[in-house]
Amino acid sequence: MKIAVLGGSFNPIHLGHLALADEVCTQLGYDKVLFIPTHTPPHKQMNDAPSAERRLQMVQAACRHDKRFVAEDCEIKRQGVSYTYDTILYLQKKYEGKLTDKIGLVMGDDLLPGFHLWNHAKELSELCQIIIARRPSDKDTSRMSRHANKAVGDYANTVAPEQFAPEDDPLLQNASQLDNPMLSISSTDIRYRIAEGKAFKFLVPPAVYDCILRRNLYGYKQR
C-alpha cells in the first residue's frame with residue numbers, strides 16, 4: 001500500500017485540500033492520503049483557531065465520503081508541538097508490513113524555503129518521498145491580515161518562495177513535483193469571509209460547512 005501524508009492546521013479544511021489529495025492519488029498512484037491536523041505547529045502562530053478537537057472533527061467530516069482519504073488523529077492525541085518527524089516514525093510503525101514504498105510527504109512550495117529548519121529535516125528527506133505541490137501566491141492579503149497566521153522564530157526570516165530554487169537544495173534533490181491545479185482557496189480567506197458575513201458555502205465540503213454553522217465557528221452568526 002502506498003500512503004501519503006498531508007498535514008496542516010486545517011483551519012478549516014477546504015475543497016483545495018481535497019483536490020490536492022485527489023491529485024496525489026490519481027497522478028502519483030497513492031492508495032491513501034492521511035489528513036493529519038496539527039496540534040501545535042512549530043513554525044506558525046495559528047489565528048482564529050477553534051480547538052484541536054473541532055479542527056479534527058471537520059477533517060473527519062471532510063474525509064467521510066472518500067475511502068482514499070483518512071483523518072489521522074495522532075498529532076492531536078500526542079498534543080504539544082507537532083513535529084512531522086515524530087509523525088512519520090509513528091506511521092511507519094503503525095503501517096509496518098503494509099507499506100510498499102516510502103511514505104509520501106506532501107508539501108506546498110511555499111514551505112520549501114523553511115524546510116531545512118524542520119526537526120530532523122535531513123532524516124525526513126531520506127525517510128519520505130517528498131511531494132511538492134504548487135500553491136498560488138497570495139496577492140492582496142492586507143484585507144485579511146487580522147485573520148492570517150504569523151510565522152514564528154527563524155521561519156519568519158526565510159526567503160520568499162519565488163526566490164527559492166528547490167533544485168539547489170540537497171534535501172529536495174529527489175522530490176517529486178505534482179502538477180496540481182492552483183485553486184485560489186485558502187483557510188485564511190475562508191476565516192475572513194465568515195467573520196465578515198460573506199459567502200463561503202462552496203469553498204468547503206458540505207459536511208464542513210454544516211459543522212461551521214452548527215458550532216458557530218470562526219465568528220459565524222446566523223443571518
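In this text, all values refer to a predicted model and were calculated from it rather than measured experimentally. Hydrogens, waters and symmetry mates are skipped; everything else that's a heavy atom, side chains included, is used. If you read the sequence from its start, that first residue is 1, and numbering goes on from there.
In this structure, Asn174 places its CG atom where only 12 or fewer heavy-atom neighbours from other residues, nucleotides or ligands lie under 6.0 Å away. Glu167 CD: more than 12 foreign heavy atoms inside a 6.0 Å radius.
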Walk me through whether Ile212 and Met58 qualify under side-chain contact (heavy atoms from CB on, under 4.5 Å).
CA-CA 8 Å; Ile212 291 171; Met58 286 189 284; 3.9 Å; yes
Yes or no on side chain to side chain donor-acceptor pair (under 3.5 Å) for Asn11 and Tyr218, after CA distance, side-chain angles and deciding distance?
CA-CA 9 Å; Asn11 185 32; Tyr218 305 110; 2.8 Å; yes
Begin from the C-alpha positions of Leu172 and Phe164 and carry the test side-chain contact (heavy atoms from CB on, under 4.5 Å) through to its verdict.
CA-CA 12 Å; Leu172 301 170; Phe164 180 77; 3.9 Å; yes
Apply side-chain contact (heavy atoms from CB on, under 4.5 Å) to Ile88 and Cys128, showing your working.
CA-CA 8 Å; Ile88 294 300; Cys128 300; 3.7 Å; yes
Stepwise side-chain contact (heavy atoms from CB on, under 4.5 Å) check, Met107 with Phe115:
CA-CA 9 Å; Met107 295 177 58; Phe115 179 58; 3.6 Å; yes
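Under the 3.5 Å distance criterion, the side-chain polar atoms of His116 are matched with a main-chain donor or acceptor of Pro113. A donor-acceptor contact shorter than 3.5 Å links the side chain of Gln177 to the backbone of Ile132. Between the side chain of Glu72 and the backbone N or O of Thr87 there is no donor-acceptor pair closer than 3.5 Å. Between the side chain of Lys2 and the main chain of Leu28, a donor-acceptor pair closer than 3.5 Å is present. Side-chain atoms of Gln173 come within 3.5 Å of backbone atoms of Asp169 as a donor-acceptor pair (strictly under, hydrogens ignored). When atom types are taken as modelled, the side chain of Lys32 and the backbone of Lys67 share a donor-acceptor pair closer than 3.5 angstrom. A donor-acceptor pair is defined here as one N or O able to donate and one able to accept, closer than 3.5 Å; no such pair exists between the side chain of Arg135 and the backbone of Asp109. Side-chain N or O atoms of Ser125 include one that pairs as donor or acceptor with a backbone N or O of Lys122 at under 3.5 Å.
Following chains of ILVMFWY side-chain contacts shorter than 4.5 Å, one cannot reach Val81 starting from Leu89, and the two form parts of different hydrophobic clusters. Cluster membership for Leu91 and Tyr83, using ILVMFWY side-chain heavy atoms within less than 4.5 angstrom, is not shared. In the hydrophobic clustering of ILVMFWY residues, with side-chain heavy atoms under 4.5 Å counting as a link, Val59 and Ile76 come out apart. Note on Leu213: it clusters hydrophobically with Ile194, by side-chain heavy-atom contacts below 4.5 Å among ILVMFWY residues.
Taking OH of Tyr30 as the start and CE of Met1 as the end, the distance is 12.5 Å to the nearest 0.5 Å. Here Ser187 contributes atom OG and Ile13 contributes atom CD1; the two are 8.5 Å apart, rounded to the nearest 0.5 Å. The OG1 atom of Thr84 sits 6.0 Å away from the CD atom of Glu75 when rounded to the nearest 0.5 Å. Considering CG of Leu178 and CD1 of Ile130, their distance stands at 14.0 Å, rounded to 0.5 Å. Here the straight-line distance linking atom OH of Tyr85 with atom CG of Asn119 works out to 8.5 Å at 0.5 Å rounding. Interatomic distance, NZ of Lys94 versus CD1 of Ile3, reported as 8.5 Å (0.5 Å rounding).
The shortest heavy-atom contact between Ser176 and Gln129 is OG-NE2, 2.9 Å. Between Leu112 and Pro166 the shortest heavy-atom distance is CD1-CG, 3.7 Å. Across all non-hydrogen atoms, the minimal contact from Arg193 to Ala199 is NE-O, 2.5 Å. In terms of heavy atoms, Ala71 sits closest to Cys63 at N-SG, 4.1 Å. The shortest non-hydrogen separation linking Ala133 to Val106 is CB-CG1, 4.3 Å.
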List, one per line, each side-chain donor-acceptor pair under 3.5 Å for residues 49-57, sequence neighbours excluded.
residue : atom : partner : partner atom : Å
Ser51   : OG   : Arg54   : N            : 3.2
Arg54   : NH1  : Gln57   : OE1          : 3.1
Arg55   : NH1  : Ser9    : O            : 2.8
Arg55   : NH1  : Thr38   : O            : 2.9
Arg55   : NH2  : Thr38   : O            : 2.9
Arg55   : NH2  : His39   : O            : 3.4

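Side-chain contact between Asp86 and Arg78 is present, with heavy atoms from C-beta onward closer than 4.5 Å. Considering only heavy atoms from C-beta on, Leu183 stays 4.5 Å or farther from Leu15 through its side chain. Considering only heavy atoms from C-beta on, Asp189 stays 4.5 Å or farther from Phe200 through its side chain.
By the side-chain contact (heavy atoms from CB on, under 4.5 Å) test, Asp179 is found to be paired with Gln27, Arg134, residues two or more places apart in sequence or in another chain being considered.
Checked against the 6.0 Å centroid threshold, Phe202 and Tyr209 do not count as a close aromatic pair. Proximity of the aromatic rings of Phe35 and His17 is defined here by a centroid distance below 6.0 angstrom, and this criterion is not met.
Applying side chain to side chain contact (heavy atoms under 4.5 Å, CB included) to Leu34 and the options Leu6, Val70, Ile103 leaves one that passes, Val70.
Salt-bridge annotation for Lys77 and Asp73: present, with a side-chain N of the basic residue lying under 4.0 Å from a carboxylate O of the acidic one.
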